[in-house]
*Asks:* 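Sharing a structure below in structure tokens format, with a few things to ask.
Sequential numbering from 1 along the given sequence is applied to the chain's residues.
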Amino acid sequence: MIALTDLVAEGLRIDHFTAKPGEAWCMLGGIGSGIERFCDILGGEKVAFRAGTLHLPPDLGLLSFKRQQALFEEELRKDDTDYLNRLDPGTPARAFLTDVERHRALIDRFALTNLLDRGYRQLSSGQARKLCLLQHITRGATTLVLEHPYEGLDRTSCQDLDQVLAGLHDQGLALLVLVSNTGDIPSWCTHLAAFKDGRLALQGLRADILPQISELLHQHPSLFQVSVEELRREGRVDERPVTESTLICLRNGFARYGDIEVFSGLDLTINQGDHTLITGPNGCGKSTLLQLIIGDHPLCYRNDLTLFGRRRGSGESVWDIKQQMGIVSPDLHRNHRVSGSSLAIVVSGLFDSIGLYTRPSTEQQQLGRRWLTRLGLEAKAAIPFRQLSFGEQRLVLLGRALIKAPPLLVLDEPTHGLDDCHRLALLNFLGRIASEQLATILYVSHRPDEYRDFFKQQVQFHEKRPG
């Protein structure tokens, strides 16, 4: 059982909350609602708070963005690639699980059976989330707190996860699911709660609360309030404009990790204005393709790949390439382990660096502040990036990508951590960018509700079958 009274923390106040055995709770809250602070407290993070009572079960299992980031950073610290003279895959997936043989059916249900010997860092973001969830289940946790469990998962994986969680609930496991989108409310939850403006505003039986949820969470955030003319003026005029109509040309493309083939025989051409949607199941190669394009995969030089009119490996640097791109991706997000304020991270987009190592001009700082204002984060300019909530971090990284008005926007699951209102605002803004030909958009998504009419072509990846 989870029970608390009179809890007060920065950005959060809860008078009372109790989750009893046999109940399955879904709690909703958007950016700035206080829901992530609540998750931190349940997870034992270093958060200053006081409470009249706080009872947490001793075997509570927590799946959160923050815990996943900490695990990723621990894996990086243990990376011995430089000493081994070969790629160190890191801790194999099976090492995270307890009694693999007994849980074979569940592992297979999560499509992880063929990945058990793959290193954690080699998993896609969606696969890593499923592995972390399985870690708690296989070790015998009787209470699970799951922050955004459906983020990064394809539709089939979401359905499979839903069925698994419903089955665990039927077996007596206590579940507390934290989501930011009303479409992610699972059908099996018995109780609902909603955070708004730092308070637990609604809680109770699903049938009683569901009709009130939409009205409570309905917002009209003032995001991306900028004219097309202003965006054009802010475009970087000190650089040579893109004169090639073909931005990306990949012939017979391939990628692999060691002996594991990710994809092969892929042909892709993107001309200016060819806004492209990339879809497919977890682990099929979508993010790997983007890594090839942006130069973060070692096989980019072995592929027949031409970017902005120049063949990769013809003398251009990775910085020549990234100068013409604005990038948001799960990899970029988790690699932002550097110190620095929100403003510094946004401005770093002008220098294509992770962190800010060049003193920006007054004009560049003013531009960064304008983007924070457009993102609704003007009050967070001086706050360290790593102290922001996950959703706020993702907004900052969007500002980093957009600040230099690049000819190509590479967006890999850019709405992770965003609530309904922020996600819709971003998609509408991208629609304006597309219609005004301010940039060409390359977009990866698992969510069918993000598919938009401005996409002119779709690349559909398929699951790689063993053998």
Side-chain angles (χ1 to χ4, degrees), residues 1-3 19-27 38-46 54-78 89-153 157-158 160-179 186 188-189 282-283 334 390:
M1 183 175 75
I2 297 175
K20 299 177 182 178
E23 297 176 350
W25 282 82
C26 179
M27 311 186 80
F38 178 68
C39 185
D40 287 343
I41 292 172
L42 294 186
E45 300 291 340
K46 295 181 179 179
L54 177 60
H55 173 79
L56 301 176
D59 56 355
L60 182 147
L62 175 72
L63 174 70
S64 70
F65 289 127
K66 190 168 292 185
R67 289 282 179 89
Q68 276 193 270
Q69 179 67 17
L71 178 56
F72 174 75
E73 293 182 14
E74 177 61 25
E75 285 293 299
L76 285 181
R77 282 191 289 270
K78 296 188 297 186
T91 306
R94 68 170 62 247
F96 292 89
L97 306 179
T98 302
D99 198 348
V100 169
E101 290 305 319
R102 186 163 70 90
H103 295 95
R104 278 286 180 184
L106 191 56
I107 295 169
D108 189 57
R109 185 70 177 271
F110 277 27
L112 294 176
T113 299
N114 296 314
L115 304 175
L116 290 177
D117 294 317
R118 189 176 297 189
Y120 179 82
R121 297 192 312 276
Q122 295 176 308
L123 301 177
S124 72
S125 58
Q127 290 167 340
R129 289 186 71 72
K130 290 191 287 187
L131 178 65
C132 290
L133 175 56
L134 272 178
Q135 181 183 30
H136 293 304
I137 295 173
T138 61
R139 72 170 176 80
T142 60
T143 301
L144 288 179
V145 177
L146 310 177
E147 179 191 38
H148 303 298
Y150 306 106
E151 290 280 21
L153 300 185
S157 294
C158 286
D160 288 342
L161 174 59
D162 229 22
Q163 293 178 14
V164 168
L165 293 178
L168 293 173
H169 170 58
D170 290 341
Q171 295 170 22
L173 199 71
L175 296 175
L176 196 68
V177 177
L178 313 181
V179 302
W188 44 262
C189 71
N282 294 121
R334 65 184 184 180
F390 185 88

*Asks:* List the steps and the verdict of side chain to side chain contact (heavy atoms under 4.5 Å, CB included) for Cys39 and Leu62.
*Replies:* CA-CA 9 Å; Cys39 185; Leu62 175 72; 3.8 Å; yes

*Asks:* With distance as the sole criterion, is a donor-acceptor pair present between the side chains of Asp59 and Thr142 under 3.5 Å?
*Replies:*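 Judged by distance alone, the side chains do pair up.
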
*Asks:* Under the side chain to side chain contact (heavy atoms under 4.5 Å, CB included) rule, what do Leu131 and Leu97 come out as? Steps first, then yes or no, please.
*Replies:* CA-CA 8 Å; Leu131 178 65; Leu97 306 179; 3.8 Å; yes

*Asks:* How many angstroms lie between atom NZ of Lys78 and atom OG1 of Thr91, to the nearest 0.5 angstrom?
*Replies:*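 Here the interatomic distance stands at 3.0 Å.
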
*Asks:* Would you please test Phe390 and Gln69 for side chain to side chain contact (heavy atoms under 4.5 Å, CB included) and show each step?
*Replies:* CA-CA 10 Å; Phe390 185 88; Gln69 179 67 17; over 6 Å; no

*Asks:* Enter the distance from Leu178:CG to Phe38:CZ here, rounded to the nearest 0.5 Å.
*Replies:*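 Between Leu178 CG and Phe38 CZ, I get 7.0 Å after rounding to 0.5 Å.
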
*Asks:* Of all heavy-atom pairs between Cys26 and Val179, which one has the smallest distance, and what is that distance?
*Replies:*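 In this case the closest contact between Cys26 and Val179 is SG-CG2, 3.7 Å.
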
*Asks:* Which one of Leu146, Asp160, Leu173 satisfies the side chain to side chain contact (heavy atoms under 4.5 Å, CB included) criterion with Leu165?
*Replies:*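 In the set Leu146, Asp160, Leu173, the residue that makes a side chain to side chain contact (heavy atoms under 4.5 Å, CB included) with Leu165 is Leu146.
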
*Asks:* Rounded at 0.5 Å granularity, tell me how far NZ in Lys20 sits from CH2 in Trp25.
*Replies:*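 Interatomic distance, Lys20 NZ to Trp25 CH2, rounded to 0.5 Å: 9.5 Å.
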
*Asks:* What is the distance from atom CZ of Arg139 to atom CG of Leu134, rounded to the nearest 0.5 Å?
*Replies:*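 Going from CZ on Arg139 over to CG on Leu134, the span is 12.5 Å.
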
*Asks:* Do Leu54 and Ile41 have side-chain heavy atoms sitting under 4.5 Å apart?
*Replies:*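 The answer is yes, as the side chains (C-beta and beyond) meet within the 4.5 Å cut-off.
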
*Asks:* First locate atom CG of Leu56, then atom CD1 of Ile2, and finally report the distance between them rounded to the nearest 0.5 Å.
*Replies:*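 If we round to the nearest 0.5 Å, Leu56:CG and Ile2:CD1 are 6.0 Å apart.
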
*Asks:* Can you tell if the side chain of Glu151 reaches within under 4.5 Å of the side chain of Phe65, non-hydrogen atoms only?
*Replies:*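 The answer is yes, as the side chains (C-beta and beyond) meet within the 4.5 Å cut-off.
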
*Asks:* Would you name the heavy atoms of Leu115 and Ala93 that are closest together and state the gap between them?
*Replies:*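 Closest heavy-atom pair between Leu115 and Ala93: O-CB, 3.5 Å.
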
*Asks:* Between the side chains of Arg129 and Glu147, is the shortest nitrogen-to-carboxylate-oxygen separation below 4.0 Å, so that they form an ion pair?
*Replies:*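 Arg129 and Glu147: not salt-bridged.
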
*Asks:* Closest heavy-atom contact between Leu106 and Val164?
*Replies:*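 Closest pair (atom of Leu106, atom of Val164, distance): CD1-CG1, 3.7 Å.
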
*Asks:* Going by the angle between their ring planes, with limits at 30° and 60°, are Phe96 and Tyr120 parallel, tilted or perpendicular?
*Replies:*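 The rings of Phe96 and Tyr120 sit tilted, inter-plane angle from 30° to 60°.
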
*Asks:* Determine whether Thr143 and Leu176 make a side-chain contact, defined as any pair of heavy atoms from C-beta on separated by less than 4.5 Å.
*Replies:*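 No, too far: nothing below the 4.5 Å cut-off.
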
*Asks:* Do the side chains of Leu112 and Lys130 get nearer than 4.5 Å, heavy atoms only?
*Replies:*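 Heavy-atom side-chain distance check passes, below 4.5 Å.
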
*Asks:* Distance from Arg118 atom CZ to Gln127 atom CD, nearest 0.5 Å?
*Replies:*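 Here the interatomic distance stands at 6.0 Å.
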
*Asks:* Any side-chain heavy-atom pair from Met1 and Glu23 closer than 4.5 angstrom?
*Replies:*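 Met1 does not reach Glu23 side chain to side chain.
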
*Asks:* So which heavy atom on Thr138 is nearest to which on Thr98, and how close?
*Replies:*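 Minimum heavy-atom contact is OG1-N, 3.1 Å.
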
*Asks:* Any side-chain heavy-atom pair from Gln68 and Cys132 closer than 4.5 angstrom?
*Replies:*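 Gln68 reaches Cys132 side chain to side chain.
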
*Asks:* Could you report the tightest heavy-atom contact between His169 and Gly22, atom names first, then the distance?
*Replies:*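 Shortest heavy-atom contact: CE1-O, 3.1 Å.
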
*Asks:* If you take all heavy atoms of Leu144 and Leu168, which pair is closest and at what distance?
*Replies:*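 Where Leu144 meets Leu168 most closely, the heavy atoms are CD1-CD1, 4.5 Å.
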
*Asks:* Would you indicate whether the side-chain heavy atoms of Pro186 and Tyr150 approach each other to under 4.5 Å?
*Replies:*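 They are in contact (side-chain heavy atoms under 4.5 Å apart), so the answer is yes.
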
*Asks:* Does the side chain of Cys189 come within less than 4.5 Å of Val177's, by heavy atoms?
*Replies:*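 No. Closest side-chain heavy atoms not under 4.5 Å.
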
